[in-house]
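Some notes on the structure that comes next.
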2 protein chains.
Amino acid sequence: MTVLDKKADASTPNYPIGSVDKALRLLRVLSEDRELRVSDASREIGVARSTAHRLLEMLQLHGFAQQDPLTRAYAPGPALLEIGLAALRNLDIREITRPVIEALVEEVQESAHLVILSGTEMFLIDAVESKQALRVGTRVGGRAPAYASAGGRALLAELPDDRVISMFPNEELEPVTPETLTSRTELIGELAKVRERGFAVCIAEVELDVATVGAVIPNGDRLTPAAITISIPRFRASEDDLTRLGHAAMRAARRCAGAA
Amino acid sequence: MTVLDKKADASTPNYPIGSVDKALRLLRVLSEDRELRVSDASREIGVARSTAHRLLEMLQLHGFAQQDPLTRAYAPGPALLEIGLAALRNLDIREITRPVIEALVEEVQESAHLVILSGTEMFLIDAVESKQALRVGTRVGGRAPAYASAGGRALLAELPDDRVISMFPNEELEPVTPETLTSRTELIGELAKVRERGFAVCIAEVELDVATVGAVIPNGDRLTPAAITISIPRFRASEDDLTRLGHAAMRAARRCAGAA
DNA sequence: CTGTTCTGTTCTGCATAGCAGAATAGGGGT
DNA sequence: ACCCCTATTCTGCTATGCAGAACAGAACAG
């Protein structure tokens, strides 16, 4: 499964703060590079070297950067690790789910994944590929709009409808493929079906050649809500296949809940 | 092993930027809490509600926060997950080392850990406790000065001496316990012994009742340098024990390298 | 229904904070 | 010695960031 990368879609604030904008842009740059020089930073965000230096020093004060005294270059700082470990606290669900997902892939001989909601998107946090020569490929860290993806839809179905409505304020939803559902009313109807059926089904809505089913791991409020998905090349996906896979996903999800 | 929590030890910059300071403080608050209201943020960082709102909106613009339209509270945004996971890319070493560390603990019946360098400190990123009734306890995320800890020393021994000297610019080092080595010259001498012996030994230098050995995972330049440590209650630690454990740590470290 | 309270959001005058550019400092090379 | 490069320090000045006031909306009580 190849999914789209997408930035956060917040609009510009009514009262922006220029210096904070620069600092946060720099933080993003720093988190993606292992090493950043003052002059690179200056060029990268379009400020004088003196300003870049001051911003980097502020990032260092708060632990987001650390300077190597020999090379004088700045690198990601301890605070990023701390944030990562805090985020991992939720991602420790992966340790619990990994063996279940591996067994599931053995059982159904298709690729399977673990996904969470992040903003209005689904976010892929673990993946196990089928051993078949032709299989759906995966990328941990990949994203897609929650409304278009089976895992995302399964997770949205756990929320009240008015929550979903406020997450997607426009009736018209941005299509990913020509098969993507593009109306919020239709989405709400789909979510009702997910609730009834117990799992979500998406055919060619994120990737034209891929069909996916998804089922939520029942776990009350203990951890970030997560879902298990199974992806299959579309040409292999009869209606019976998708039902069978949906039930397999549900069983695996229940096994994860029981293992926690 | 109980280790000290310590904030990043950067000093205040010569030319601080107040608005950036406020924004980064707020970012730290947000990364530790699931939900933050404008009025809470205002109180937390000591600014007017209008300023708190503007700062939160800037954080949202860059994906670090997201507001729930129903409750209007802000929560951590997708960018926190992204920068955290980017920092953890290096920490995927944990998946490789976990089984080796678990086998090590089975073998020596003492607690073992995986540590990295973070700034001038060692940072605990994985831990497996012994099943003995009396064992050294652990806390992932814990820190101690690199010069005082076995894992930190093992990692420092991989660096050139002049690098170590610039990391610790003062001859006098801050003691953690009355047994902590407090002179940089002595540290340099210790690091030479670590290189000769193949592993580091620290007795009561971080925690009075604990002795620890540490050995670096040989891995060239592929990943962040990491070390495996074994901690034992001091009263159980003869010199032969520490040598035996040091060799066990080295064997485990080599197995990790072979597994990568 | 009206009035009250609470919280988030918008607006604006003003003073000082943030900025760029210049100067300085330090290291390395010829 | 001089030159080059980069990080760091310094400072005048203007426009940015701030707090406080006003507004808007929701919820609750009588």
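By convention in this document, chain letters (A, B, ...) are assigned in the order of the sequence lines, proteins followed by strands, and residues within each chain are numbered from 1.
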- Task: Using a cut-off of strictly less than 4.0 Å, decide whether A/Ser39 has a side-chain nitrogen or oxygen near OP1 or OP2 of D/dA7.
- Result: yes

- Message: Using a 4.0 Å cut-off to any heavy atom of chain A, which nucleotides of DNA chain C are the first and last in contact, reading 5' to 3'?
- Response: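 Nucleotide range with atoms under 4.0 Å of chain A: C/dT10 to C/dG21.
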
Test item: [X] and [Y] side chains (from C-beta on) under 4.5 Å apart, heavy atoms:
| X | Y | value |
| --- | --- | --- |
| B/Glu207 | B/Thr177 | no |
| A/His113 | A/Met122 | no |
| B/Arg184 | B/Asn170 | no |
| B/Val20 | A/Leu59 | no |
| B/Tyr74 | B/Leu26 | no |
| B/Met58 | A/Pro16 | yes |

- Message: So if I take the C1' atoms of five pairs at each end of the helix from C/dC1-D/dG30 to C/dT30-D/dA1 and get each local axis, what angle do the two axes make, rounded to 10 degrees?
- Response: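 If I round to tens, the end axes sit 30° apart.
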
- Task: Rounded off to whole Å, could you give me the CG-to-C1' distance for the B/Leu70 and D/dA26 pair?
- Result: 12 Å

- Task: Round to a whole Å and report the spacing from NE2 of B/His53 to C1' of D/dA22.
- Result: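 Atom-to-atom, B/His53 to D/dA22, this comes out as 15 Å.
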
- Can you list the steps and then say if A/Phe64 with B/Arg28 is a side chain to side chain contact (heavy atoms under 4.5 Å, CB included)? CA-CA 10 Å; A/Phe64 293 106; B/Arg28 292 298 300 251; 3.5 Å; yes

- Message: Can you tell me which residue among A/Leu61, A/Leu55, A/Leu56 is in a side-chain contact (heavy atoms from CB on, under 4.5 Å) with B/Pro13?
- Response: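 Among A/Leu61, A/Leu55, A/Leu56, the one that satisfies the side-chain contact (heavy atoms from CB on, under 4.5 Å) with B/Pro13 is A/Leu61.
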
- Message: Closer than 3.5 angstrom, by distance alone: can the side chain of B/Glu44 be matched with the main-chain N or O of B/Val29 as a donor-acceptor pair?
- Response: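 No, B/Glu44 side chain to B/Val29 backbone: no donor-acceptor pair under 3.5 Å.
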
- Task: Starting at the 5' end of nucleotides 10-19 of chain D, put B wherever the base has a protein heavy atom under 4.0 Å, S where only the sugar-phosphate does, and a dash everywhere else.
- Result: BB-----SBB

- Message: Using a 4.0 Å heavy-atom cut-off, does A/Arg49 contact any base of the nucleic acid, only the sugar-phosphate backbone, or nothing at all?
- Response: base

- Message: Tell me whether the side-chain N or O atoms of A/Arg72 pair up with the base of D/dA7 as donor and acceptor below 3.5 Å, since no angle test is needed here.
- Response: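 Absent.
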
- Charged N-O contact under 4.0 Å between A/Arg54 and A/Glu57: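 Looking at A/Glu57 together with A/Arg54, the answer is no, because their closest N to O distance does not fall below 4.0 Å.
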
- Task: Run the numbers on A/Leu27 and A/His62 for side chain to side chain contact (heavy atoms under 4.5 Å, CB included), then give the verdict.
- Result: CA-CA 11 Å; A/Leu27 178 57; A/His62 289 281; over 6 Å; no

